[in-house]
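Okay, structure first, notes after.
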Amino acid sequence: MASASTGPHPVPADAPAAAVSVQGLRKVINDRVVLNDLDFAIPRGSMFALLGANGAGKSTLLKILAGLMPPTGGRVHLFGAPLAGHAADLRSRIGFLGHNAMLYRELSARENLVFFGRMHGLADVGRRAEDLLEQLGLADRMHDPVKAFSRGMLQRAAIARALLCDPELLLADEPFTGLDAPSARTLEALLRSLHAQGRTIVFTNHDVAQSIALATSVDAVGHGGVFVLGHGRLIINQHARLLDAAMVHLEMSDR
Amino acid sequence: MNRTPTLTGHGPWNARWGTVGMQRLSAHLVRAYWLVTAALFVAVILMLVLYTPVDRGMGPVQKIFYLHLPVAISGFLAAFVVFIASVGYLWSRSMWWDDLAAAAGKVAVLYCAVILLTGMFWGRSAWGVWWTWSPRLTFSLVLFLLYAVYVLIRPTIDSAERRAVICAVYGIIAFLDVPLVYLSVRLIPDIHPSSISLEPAMRLSLLAWFPPVVMLMAGMIGTRYALNRRLRSAEAGRFSEAPSAGAAIRVSAAGGHP
Amino acid sequence: MTGQAYLLLAYIIGLSLLWGYAAALLLSLRAARQRPPGAVDGESRRQSARAPSITQERTAP
Amino acid sequence: MTTTLGRIMLLVAKDLRIEARGRQTIAIVLVLGILIIVVLGIGFGSPGSSGQPVTGFQATAILWVAYFFGGVLCFEKTMDVERRDDALAGLLMTPVDRGAIYVAKLLTNLTLIAGLTIVITPLAVMFFRFDLAGHAGAFVAILALGMVGFAAIGTLFAAAASSTRLQGGLLAMLVFPLCLPVVIVSTQMMRELFLPGGQLSMPGLALLAGFDLMALTVGWLVFEQVLEP
């Protein structure tokens, strides 16, 4: 209901195949156009990096994809189903990692995960929570309240929360921010293994080189537009000027 | 592809007339509407002075009633418009509903203020007090407060969307409150039982007052609405220079990395 | 004061409130119509000066 | 349905556990309530020294002011828990029904308000020496019905306003006018109750119940629209 159903774009024939497909997506926040007529599709099983300067609308885009924010206009389909109608069913197939940890800071990491797991309706949540925390190197701190965690530990706990429901689609907003080098490597390995399992991963990142190394596709969101690669034309604006060299380079090295 | 922002999507009353001719016609219609409203007001005031009989019991002050009751009903209608527009906004998330609700909210406050003031003059003349916590007065005071808060709270919310949502929820509950307030004030003991019996000439005068007062209310809401639409599109226009990269294309650099 | 005076006051105040607001609305709508589109006030002009520049198009190598 | 119910219970348990860890809400709310009672007490003076004891009518006014201000603060605080670190977004990513979140928050708020009234009411009775004993049951009935409607409205607007600057006095300003029917009905009922030979007014009870029903229905229906991280 929240998203307008009046997009001029027909649903493309390949929509069911795509993990994410977006047509004519607009978002206006406080009378300011943040996303303007975005059209793109992310194939299933791809690792997709969204690049863009601060304020380019990357986080907004991810929030809309996660169903946390209604778009002003346009359509979003996840796994071929419209996000607006099936939000509740789709939510248990999506993992979302935001800027903030999205955890209750008075509760311990384990309590948080058990709580969110129960909300997801998972079976054997305790075991799943402990496994995940162990995997992310938080096993010895899992009974401490989250508010005592350092930034890096908080980020790892947040990653555990995002992966709790074993999502087919992981949306990660700046997942590497605040992680030290070893943790970042662990996360990279984790993302690669998730990708190897055939999951779709969409993440935003400032680090162009890292994004390129990780991603199977790179896209950049600028001020109200997608910057386009691969069709011979590159539409940019001043916010994205820093990025275009890297992107052009990517295209050349890929071909 | 240069689509109009949904933010300023067209409402039904200010749909962009296709031609200048249509625009002129609508301007003429609006002018005629206001002229008719003003003429009707002059007519009913003359009628009040020349035709309407003076109440034998209460004297001339009873004539306040001919303004008081139509204004009360119109104020109530304006509140109903706020309610409808609020439901409409939550249902469709189109900003023009919010503009309509804001317009009607302001008019509702104005009308409630007039109900209170005329009621107070009447009370002062008839019972010698400006204010008493009688059910009727309490009811109109609560109504006034409900919509005064509605109008006051709007500008304090920065985000246009949040403002629209919060005010829509408020507008819905406020209107649903009205019958509850009406019933609850009847628990207050009423020291002024006022049953008014109307002669046919009085009833005719009362009926004559309804069209101008209701038309004025509708005209005010329409004008305020048009003004709100204008302000909003002007604000949205500030940012319309953002690039409209409508021709965004799917990314095709896939699977190329080691 | 007499009933007549209260009646007069009530009508004068009530009607001037109603019509005063209506007149103010009509005047401000007329003023808004007469302003050229885009130039709303000084504030918005400054704002639009700060708004991001228009899309450039380039051809990738 | 049982899963929704179970999730509501889990949500309330989570809120109460967080409250038990920090005791941030109840402490602040209690202190505010006590402060209000004290200020009003100083204003009215001690009934023993200067004549008339406070009537039942005034008693509701005093108590309602304390409950309402404490309540609004309570709604704000319990919503704050969800806002810190964006925990609400985590919750919204789970398939749990938004209506369940609303009911759970409402139950948490009602629990905390119950705590507030349990402390404030005896204190006020002690300060003002009004006689609730004769109509304790009726008083509790009026209070309970009134607070459900109040909390239903307050929870809804606290959730709506939590992502804006609209807090503190302004939230109260939104909630109070909408809750005026509760104030009018409950004060009138208390007045009737404390008249000699007074009884619990049935139309009044029905009105309170009607208000609760309206507030709960609207809250349940629009809560999803109002929640936005």
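Just so it is clear, the structure is predicted and the values come from calculations on it, not from any experiment. Lettering of chains follows the sequences in order, A, B, ..., and the numbering in each one begins at 1.
With a 4.5 Å cut-off on non-hydrogen atoms, D:Leu221 does not touch chain B at all. D:Val218 touches chain B through its side chain: at least one heavy atom from C-beta onward sits under 4.5 Å away, while N, CA, C and O do not. With a threshold of 4.5 angstrom between heavy atoms, D:Phe157 approaches chain B through side-chain atoms but not through N, CA, C or O. For D:Val222, the part lying under 4.5 angstrom from a heavy atom of chain B is the side chain only. Contacts between D:Leu207 and chain B at a heavy-atom distance below 4.5 Å involve backbone atoms as well as side-chain atoms. For chain B, the nearby part of D:Leu156 is the side chain; its heavy atoms alone come within less than 4.5 Å.
Just one residue in the list B:Arg224, B:Arg232, B:Arg230 forms a side-chain hydrogen bond (donor to acceptor under 3.5 Å, both in side chains) with B:Asn228, and that residue is B:Arg224. Screening B:Phe139, B:Phe175, B:Tyr111 for a ring pair (Phe, Tyr, Trp, His ring centres under 6.0 Å) involving B:Phe76 leaves a single residue, B:Phe175.
In summary, B:Arg154 and B:Asp98 engage in a salt bridge, as defined by a charged side-chain N under 4.0 Å from a carboxylate O. The pair D:Glu82-D:Lys105 meets the salt-bridge criterion, with a side-chain N (NZ, NE, NH1 or NH2) lying under 4.0 Å from an Asp/Glu carboxylate O.
Ranked by non-hydrogen atom pairs under 4.5 Å with chain B, the options D:Ser201, D:Gly204, D:Ala160, D:Cys179 are led by D:Ala160. Ranked by non-hydrogen atom pairs under 4.5 Å with chain D, the options B:Tyr150, B:Tyr170, B:Tyr182 are led by B:Tyr170. Considering only heavy-atom pairs separated by less than 4.5 Å from chain D, the leading option among B:Val149, B:Leu145, B:Ile172, B:Val185 is B:Val149. Most heavy-atom pairs under 4.5 Å with chain D: of the set B:Val165, B:Leu176, B:Ile173, this distinction falls to B:Ile173.
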Side chain to side chain donor-acceptor pair (under 3.5 Å) assessment of D:Thr187 paired with D:Trp64: CA-CA 9 Å; D:Thr187 44; D:Trp64 253 236; over 6 Å; no
Intermediate values then yes/no, ring-ring contact (aromatic ring centres under 6.0 Å, His included), B:Phe121 and B:Trp130: CA-CA 7 Å; B:Phe121 278 110; B:Trp130 288 108; 5.6 Å; yes
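Using modelled atom types, one finds a donor on one side chain and an acceptor on the other under 3.5 Å when comparing D:Tyr67 with D:Thr121.
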